[in-house]
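Values below: every heavy atom of this structure, side chains too, minus hydrogens, waters and symmetry copies.
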Amino acid sequence: MIAKYIGRRVEMIYQGADGRLSQRVVRVLGVRDGIVRAFCEASGAPRTFRVENILAALPATRRRSA
C-alpha cells in the first residue's frame with residue numbers, strides 16, 4: 001500500500017515497537033522487504049518503518065510551516 005507513495009509526502013499513523021502511536025509527515029524514499037525508508041519532516045532525519053506497523057497513510061495535503 002505505501003509503495004505507491006514513493007517520492008511523495010505522506011501523512012501517516014504509525015505504531016512503534018513500544019506500542020505508542022505517532023502521527024508524522026514523511027517523504028517516502030523506498031520500500032523493500034517490508035521496510036519503508038523515509039525522510040521524517042519532524043525530526044529532519046531519515047527513518048525506517050515496518051510496513052505492518054503503519055496503520056494509515058495518505059498523501060500529505062498541508063505544507064510545512066517556515
**Q** Nearest 0.5 Å, what's the CG-CZ distance between Leu29 and Arg8?
**A**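 With rounding to 0.5 Å, CG (Leu29) is 14.5 Å from CZ (Arg8).
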**Q** Is there a path from Leu58 to Met1 through hydrophobic residues (I, L, V, M, F, W, Y) whose side chains come within less than 4.5 Å of each other?
**A** no
**Q** Any link between Ile6 and Val10 through a network of hydrophobic side chains (Ile, Leu, Val, Met, Phe, Trp, Tyr) touching at under 4.5 Å?
**A**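 In one cluster: yes.
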**Q** Working to the nearest 0.5 angstrom, can you tell me the gap between Phe49 CZ and Ile54 CD1?
**A**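 One finds 7.5 Å between CZ of Phe49 and CD1 of Ile54.
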**Q** For a 4.5 angstrom cut-off between non-hydrogen side-chain atoms, does Gln23 reach Met12?
**A** no
**Q** Walk me through it: do Gln15 and Arg20 pass the test side chain to side chain contact (heavy atoms under 4.5 Å, CB included)?
**A** CA-CA 6 Å; Gln15 184 172 8; Arg20 287 190 289 174; over 6 Å; no
**Q** Out of curiosity, Asn53 CG to Ile13 CD1, how far, rounded to the nearest 0.5 Å?
**A** 13.5 Å
**Q** Between Ala38 and Val28, which heavy-atom pair has the shortest distance, and what is it?
**A** CB-CA, 4.2 Å
**Q** Which heavy atom in Arg24 sits nearest to a heavy atom in Cys40, and how many Å separate them?
**A** NH1-SG, 3.3 Å
**Q** State the CZ-CZ distance between Phe39 and Arg47, to the nearest 0.5 angstrom.
**A**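 Going from CZ on Phe39 over to CZ on Arg47, the span is 11.5 Å.
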**Q** Please check this pair: side chain of Arg27 against backbone of Gly7, looking for a donor-acceptor N/O pair closer than 3.5 Å.
**A** yes
**Q** For Val31 and Val51, run side chain to side chain contact (heavy atoms under 4.5 Å, CB included): C-alpha distance rounded to whole Å, both residues' side-chain angles, the deciding distance at 0.1 Å, then the answer.
**A** CA-CA 9 Å; Val31 180; Val51 169; 4.2 Å; yes
**Q** What distance do Asp33 atom CG and Arg50 atom CZ have between them, rounded to the nearest 0.5 Å?
**A** 11.0 Å
**Q** Could you tell me which non-hydrogen atom of Val25 sits nearest to which non-hydrogen atom of Ala60, and how far apart they are?
**A** CG1-CB, 4.0 Å
**Q** Are the side chains of Arg9 and Glu41 in touch, meaning some heavy atoms are under 4.5 Å apart?
**A**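 Yes - at least one pair of side-chain heavy atoms lies under 4.5 Å apart.
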